Amino acid sequence: MATETVPNRKHNVTGARQAYYDKISKYDMAPLWEVLRNVVTKEPKSRCVPALWKYNDIKRLMLEAGDVITAEEAERRVLVLENPALRGESRATNTLFAGVQLIMPGEIAEVHRHASAAIRFVLDGEGAYTAVEGEKANMARGDFVLTPNWAPHDHGNPSDKPMLWLDVLDLPTVNHFETSFMEHFDEKTQETSRQDGDSLARYGSGVLPDGAPIELNRSPVINYTYTRTRPILERLKKAGDIDKRHGARVRYSNPINGGHVMPTMGAYLALFPKGFKGENYRSTDGTIFVCVEGGGTTKVEDQTLEWGPNDVFVVPPWKRYAHNAKDESVLFSISDRPAQELLGIWREGN
Ligand SMILES: [Fe+2]
């Protein structure tokens with residue numbers, strides 16, 4: 001008898017619950033107990049997946065875009081690197097946008113500004129510029145250029161070669177908070193009064209202009225040039241300052257307070273000696289990597305990403321990964337770690 005009554009009772013309970021759920025649904029309410037385990041997970045469950053974009057594909061397809069749309073028509077001629085699990089959402093990780101921008105010889109990308117902060121990491125070409133906050137920063141391969149939120153910026157390429165760079169923006173973060181603003185200017189380019197390298201010389205030389213603010217939540221440096229940063233990695237390598245997971249690594253910092261370059265995005269540059277076999281690491285910040293030099297692989301859980309110069313790849317949050325360098329290699333990386341740290345939710349582990 002018991003075997004018959006139990007299913008009936010269950011059926012009745014399920015039916016009664018469903019009737020209750022239907023009733024409260026009309027009032028835009030829902031039972032937390034049905035979804036609690038999905039809402040409050042024991043560990044991070046990222047929507048994004050490991051992904052890699054080969055530079056050969058990026059460049060070939062990007063140059064084709066140069067034939068179909070001008071920089072002026074496009075406003076910014078950018079191909080979005082979309083995480084395969086987040087197609088249609090214009091993002092590489094849940095919080096960061098990544099795209100590759102092309103600017104052909106003689107072109108300009110007109111001045112505008114927006115609430116989203118941006119960085120450029122230069123992949124190819126030399127001699128194009130980004131003008132921001134009155135400084136006209138000439139860009140070369142490996143340079144790391146900042147465009148803080150609401151800073152007017154425009155680009156131009158007076159050189160005779162196409163220039164390509166990786167754009168990373170905190171757009172999904174800003175849109176998550178629904179705080180997006182944007183505006184255009186009457187003029188196409190902004191007046192620049194400060195020479196190339198001005199902010200790096202002023203703020204990145206162990207001194208600060210007297211009277212510089214003691215609090216600034218983002219770096220005043222516009223361009224962290226590769227020619228300045230790369231030799232520091234060499235020094236670390238020679239001194240044996242090589243982390244077993246991250247290699248000989250420096251963090252791009254805000255010289256005002258030693259913090260990250262921006263509140264929403266933080267970046268690193270790391271050298272891995274030839275034959276480096278990294279130990280496992282994981283952290284809650286989904287990370288976008290760019291291979292600047294060399295070649296190797298990154299094992300993300302059971303997937304192996306093989307990278308060479310200018311390839312871009314993504315490691316999702318809280319996935320175990322380890323870098324292996326076939327040749328001496330340099331990797332640039334950027335993530336939302338500063339935002340997570342400010343909110344007190346960042347974690348790392350192995
Ligand atoms: Fe922009």
Side-chain angles (χ1 to χ4, degrees), residues 58 62 65-66 69-82 89-93 95-104 106-125 127-139 143-158 162-192 194 196 199 217-224 252 261-267 288 290 312 332 334 336 338-339:
I58 294 173
M62 190 78 255
I69 191 158
T70 63
E72 195 170 8
E73 285 172 296
E75 184 165 349
R76 293 294 190 267
R77 196 198 281 114
V78 174
L79 292 184
V80 186
L81 306 181
E82 290 195 321
E89 296 189 30
S90 299
R91 62 185 81 186
T93 69
T95 58
L96 296 181
F97 164 100
V100 175
Q101 183 159 350
L102 166 70
I103 183 157
M104 297 294 281
E107 285 183 343
I108 59 159
E110 293 181 14
V111 60
H112 70 194
R113 66 175 166 181
H114 33 75
S116 269
I119 65 91
R120 334 273 163 205
F121 190 79
V122 181
L123 302 174
D124 215 333
Y129 66 84
T130 290
V132 50
E133 297 190 320
E135 178 171 326
K136 198 169 187 176
N138 286 325
M139 300 192 285
D143 286 1
F144 174 55
V145 178
L146 302 192
T147 309
N149 75 78
W150 211 238
H153 55 281
D154 56 278
H155 314 287
N157 185 0
M163 190 174 216
L164 293 95
W165 63 76
L166 179 76
D167 281 328
V168 179
L169 285 88
D170 55 15
L171 264 175
T173 305
V174 169
N175 287 339
H176 173 73
F177 288 111
E178 300 180 322
T179 51
S180 173
F181 290 92
M182 199 243 200
E183 81 181 14
H184 293 93
F185 293 82
D186 292 335
E187 61 276 14
K188 288 188 172 183
T189 56
Q190 61 182 305
E191 291 289 317
T192 47
R194 296 163 61 187
D196 179 34
S199 60
N217 75 347
R218 52 86 178 176
S219 174
V221 176
I222 300 304
N223 186 2
Y224 296 80
Y252 292 96
V261 289
M262 288 175 171
T264 51
M265 295 186 283
I288 300 166
V290 181
V312 179
F332 168 82
I334 182 159
D336 62 3

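Counting starts at 1 for both ligands and their atoms, following the listed order. No experiment lies behind these values; they were computed from the predicted model shown.
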Return yes when atom CZ of Phe185 has more than 12 non-hydrogen atoms of other residues, nucleotides or ligands closer than 6.0 Å, and no otherwise. yes

Give a yes or no on whether Glu187 atom CD has more than 12 heavy-atom contacts from other residues, nucleotides or ligands under 6.0 Å away. yes

With side chains defined as the heavy atoms from C-beta onward, is the minimum distance between Phe332 and Ile288 less than 4.5 Å? no

What is the ring orientation for His112 with His153, classed by angle as parallel under 30°, tilted 30 to 60°, or perpendicular over 60°? perpendicular

Distance-only criterion, 3.5 Å: show the donor-acceptor pairs between side-chain atoms of residues 172-179 and protein atoms not counting sequence neighbours.
unit_1, atom_1, unit_2, atom_2, d
Thr173, OG1, Thr95, O, 3.0
Thr179, OG1, Val174, O, 3.1

Distance below 2.8 Å from the Fe ion (ligand 1): how many protein N/O/S atoms qualify? 3

Pairing donors with acceptors under 3.5 angstrom, does anything connect the side chains of Ser219 and Tyr252? no

